[in-house]
Enquirer: 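Just dropping this structure here.
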Amino acid sequence: MSIYSYLMLRFEVVITLIIFILLVLKLSDADKKEKSFLVGINVLLLVNFLVGLLPIGEGTLFMDFFRSTGLLVLQKNILNLGLLLISLTSYTYLLKNNNRIEFYILMLSSMLGVFTMLSSGHILVLYLGLEMSTIPLAALANFNKTQKNSSEAGIKLILSSAFSSGILLFGISLLYGAVGNLSFENVIANLQMNELTILAFAFILGGFAFKMSIVPFHLWTADVYEGSPVPVTNYLSVISKGSVIFVFISVLYTIFAGFTNAWLYAITILSILSMTVGNLFAMRQQNLKRFLAFSSIAQIGFVLVGIAGASQLGMTSATYFVLIYLLSNIASFGVIGAISDSTGKETINDYRGLYKSNPYFALIFAVSLFSLAGIPPTAGFFGKLFLLTSGMGNGMYLLLAFAALNLVISLYNYLRIVKAMFIDDAVEVLPVVEKNVPVKLALAVCTIGIVIIGFVTPLFQYIDVLSIVK
Amino acid sequence: MNILSFLILIPLITALAILFVKKERTIKLIALAGSVVQFGFSIWLTFFYIGMRKAGATGELLFQSSLQWFEPIKIYFSTGIDGISLTMILLTAMVVVAGILVSWKIERQVKEFFFLIVLLSLGAYGFFISTDLFMMFFFLELAVIPKYLLIGIWGSGKKEYSAMKLALMLMAGSALVFLGITALYFASGIYGGQYTWDINQLAQINFPMEVQVPIYLLIFTGFGVFTAMFPFHTWAPDGHSSAPTAASMFLAGISMKLGGYGALRVATYLLPNAAQEWSWIFIILASIAIIYGAFATMMQKDLKYMNAYSSVSHCGFVILGIAMLTKTAFMGAVMQMVSHGIMTALFFAAIGMIYDRAHTRQAQELGGILKQMPFIGTAFIVAGLTSLGLPGFSGFVSEMTIFVGSWERTGMFYRIATILACASIVVTAVYILRAVGFAIWGTITNKEYEKLKDASWNEKAATILLIAGIVLIGVLPFWIINLIQNDTITIFNKFISVAVAN
């Protein structure tokens, strides 16, 4: 293997190295000095992110089992950025938790799974990566070991993901029956539309829908989000979901490219259901984590509108949107985490008058909510509208009518929180929440990103160039 | 750099400066200075524009420029103005100066207030100078959330309800607009050979009828929501009455004009075939709005509600003028936008001043304002007389132009609509004179009012500025007519060419 191949594998290699470093550190007492340990690990993650930005990275390895393209490198970079930001926002939480090393080992293992899944050139490797990315999450969801709802979250996550993996695997086995070899190239070359492959497609779609928590496969989402510690919820909603979206698009656009007519119907129905149910349920939530769970379901519905464009613009806008969604959600969860760590408050009513007591957090939260709602000048505006533009390009008029309706409903949902923070008077004034430097840094990066991405136009162009559907 | 980018840069710099200043008085001064500079710049721009026209510049839009924004989907940051957008910019600059002046006494969260006000004006300026539909939409949406926060935080009455209603209805309107312009974008690729959001290029393309109709209805209805077109007007009364004075002035004076401008420039200009066939829908809706708005105003006791409903009625004239599709009617619609913008800003300013002092807006509880506060009382009366269309003020000129323009359209249906619209003037006279009679004239009923003071320097300055605008248009209408005439003719010519082609 040449050095060039290692550079292609750099994402996986660096993450594995960090895991090994952590395992060695576990043997020593290094993590007793919590501050220096946390600074150290964040520096490592920063190095990881910077290494990812190196330009080299197209080709295949291991008899096409591993592949790397410009778009994949970009997607991995986006996820790496997310990982770093999540790690920074969990600073306060991990200061108080004594199992820091385990937290990072589990999170990075999941990340390794994500990278494996993204780079897979064979459906079984894809499945392997998907499993590897979800199983550590069940342990992470259960990280508040003394709390009942955290255990509940862990159990719910592991059971539902095992179930969905079963469905996915069944679909894959049917596909194997139809084409005889599961490497992407072979499947693309030999896949024909018939009853068997349609059935296989339906199962595979169902399996992915579970992982992305698309309605009607979403029932686990709210409970798991609510029970897990905030950093884990953040990871679940951003990295775990974002990576599955990336894989899902490439599976739809490459392997099932010949099935477009069939999957457009499915995607349309799932998208309408996700947007509408997600937004309507979000309306009734008081707990902010549950609220964001339903809001993220609705956001996935919007991504599906873009995917329904079935064009290069669909790929571009979905990738672009995931980046923006990632920044907005990390900022929201970062604020919720900071406030919950120091006061234990997590409901919308507790956030009344937040602007007066903690203006910094209230402003950042508002910016990220506006981005999620798609209000200019935040990047969410561009992200969401490009998704809709992509859907319009394919003439999905019914879908767009629902999307337009949901824009209004979702605005109501997000404004509810803005109203609580800026307009309502506090029932019980929150104390001034301490701002740790890493948390502040992460929130600042997210906010700046949200505000300027819409005006950094080469980024969108770059994604567009990489997204050419083969 | 293009000269028009200053129109965006000045408010942007003002807004950023406000963010970094702590002292409240300095914030107010910065906001005022920014808006005055902007106003001065707009006036200078107007003379520059007229000069260029006189020198023989013949392009439909002047000062055009285009910067790349999102190249893969052909979104450009392209700007350009004609006489219509120029008058709108002048209107905006004037109302902003007046709005900032009357908000001088605001005490709570000063920084946020002025920041949002400036942001709101930024949205309006950007909207009027854009020639790229996506960019136009960006600025249209930019102005929604500041309104929500202005009403929600500094408003009165059932402010949460009104603010939410306004934000959601405007969002729904803009969603319709967005669907329409996106469909137009893809249609341009199919029928024009090349994808574009640019208004000039879209105007060159002849879209087939079945494409035009749905897009026209979507875009016109969407912008109609912004103009408080019946039956989508319900945000206006609640929103206006709950908003703080400056926000009411902006809402009625500027925001509602965004809708009218969009309906004219985008829906009618780009989709003439559909407009010819389907504008009757909007004529009916406008006639209902005019009559219904006028009668609803008669029933109001709260002065702010009164002016809000009368705005629905007056903006009905704008829609009527646009939907009538004649040269004169277009001109009347534009003039009515300007005239109503200034008049309603003056009205809300006067009501705000009365409310600040008397703490009530109920017409019955007031009385004798003119005796105690002659300046404010006079301002109210001037606004009222403009509203009912007294010659010499701007309302007369613009409404007269619309009536004449509507009459040019022959056919029973159009005649009836015109007559109905004319008849509403009588109702307007009734409610205006009643309000003036109750609140302004008469004797002082409440002893408390004898202690009230007349307008302060800032309020006087704002009032005089607005009255000057009204009188200028009322006495010298040709000045503004010359400015917009060519552009309304350009829009109208599209209809002639369509008729010839058919």
Enquirer: Checking F455(A) against chain B: side chain, backbone, both or neither under 4.5 Å from a heavy atom?
Expert: both
Enquirer: Do L74(A) and I463(A) have side chains that get closer than 4.5 Å, going by heavy atoms?
Expert: yes
Enquirer: For the interface with chain B, which of F386(A), F422(A), Y397(A), F370(A) has the highest count of heavy-atom pairs at distances below 4.5 Å?
Expert: F386(A)
Enquirer: What option among P72(B), G155(B), S174(B) has the most heavy-atom pairs under 4.5 Å with chain A?
Expert: P72(B)
Enquirer: Measuring heavy-atom distances to chain B, does L407(A) have an atom under 4.5 Å in its side chain, in its backbone, in both, or in neither?
Expert: both
Enquirer: Using 30° and 60° as the class boundaries, would you call the ring planes of W197(B) and Y185(B) parallel, tilted or perpendicular?
Expert: parallel
Enquirer: Would you confirm whether the ring centroid of F382(A) sits within less than 6.0 angstrom of the ring centroid of F70(B)?
Expert: yes
Enquirer: Relative to chain B, which segment of V418(A) carries a heavy atom at a distance below 4.5 Å: side chain, backbone, both, or neither?
Expert: side chain
Enquirer: Please state whether the rings of Y325(A) and F321(A) are parallel, tilted or perpendicular, taking 30° and 60° as the class boundaries.
Expert: parallel
Enquirer: Heavy-atom distances under 4.5 Å only: say whether K384(A) touches chain B with side chain, backbone, both or neither.
Expert: neither
Enquirer: Heavy-atom pairs under 4.5 Å with chain A are the metric here; pick the option from I75(B), I153(B), L176(B) that has the most.
Expert: I153(B)
Enquirer: Which bit of F139(B) is near chain A, if near means a heavy-atom gap under 4.5 Å: side chain, backbone, both or neither?
Expert: neither
Enquirer: Relative to each other, are the rings of F178(B) and F137(B) parallel, tilted or perpendicular (30° and 60° limits)?
Expert: tilted
Enquirer: Could you tell me the separation between the CG atom of L184(B) and the CD1 atom of I181(B), rounded to the nearest 0.5 Å?
Expert: 8.5 Å
Enquirer: Among L149(B), L170(B), L179(B), which has the most heavy-atom pairs under 4.5 Å with chain A?
Expert: L179(B)
Enquirer: Can you say whether L119(B) sits under 4.5 Å from chain A via the side chain, the backbone, both, or neither, judging by heavy atoms?
Expert: neither
Enquirer: Atom CE in M421(A), atom CZ in R416(A): separation rounded to 0.5 Å?
Expert: 12.5 Å
Enquirer: Tell me, for L385(A) versus chain B, whether the close heavy atoms (under 4.5 Å) come from the side chain, the backbone, both or neither.
Expert: both
Enquirer: Checking heavy atoms, do the side chain of F381(A), its backbone, both or neither come under 4.5 Å from chain B?
Expert: side chain
Enquirer: Who wins among T389(A), V465(A), L388(A) for the most heavy-atom pairs under 4.5 Å with chain B?
Expert: T389(A)
Enquirer: If the plane angle is over 60° it's perpendicular, under 30° parallel, otherwise tilted; pick one for W69(B) and F77(B).
Expert: perpendicular
Enquirer: Could K74(B) and Y195(B) be counted as a cation-pi pair, given that NZ or CZ must be under 6.0 Å from the ring centre and within 45° of the axis?
Expert: no
Enquirer: Side chain from CB out, backbone as N, CA, C, O: work out which of these in Y462(A) comes under 4.5 Å of a heavy atom of chain B, or both, or neither.
Expert: neither
Enquirer: Quick check, are the ring centers of F220(B) and Y216(B) under 6.0 angstrom apart?
Expert: yes
Enquirer: Under 4.5 Å from any heavy atom of chain A, what part of I145(B) do you find: side chain, backbone, both or neither?
Expert: side chain
Enquirer: Which atoms of F186(B) are under 4.5 Å from chain A, going by heavy atoms: the side chain, the backbone, both sets, or neither?
Expert: side chain
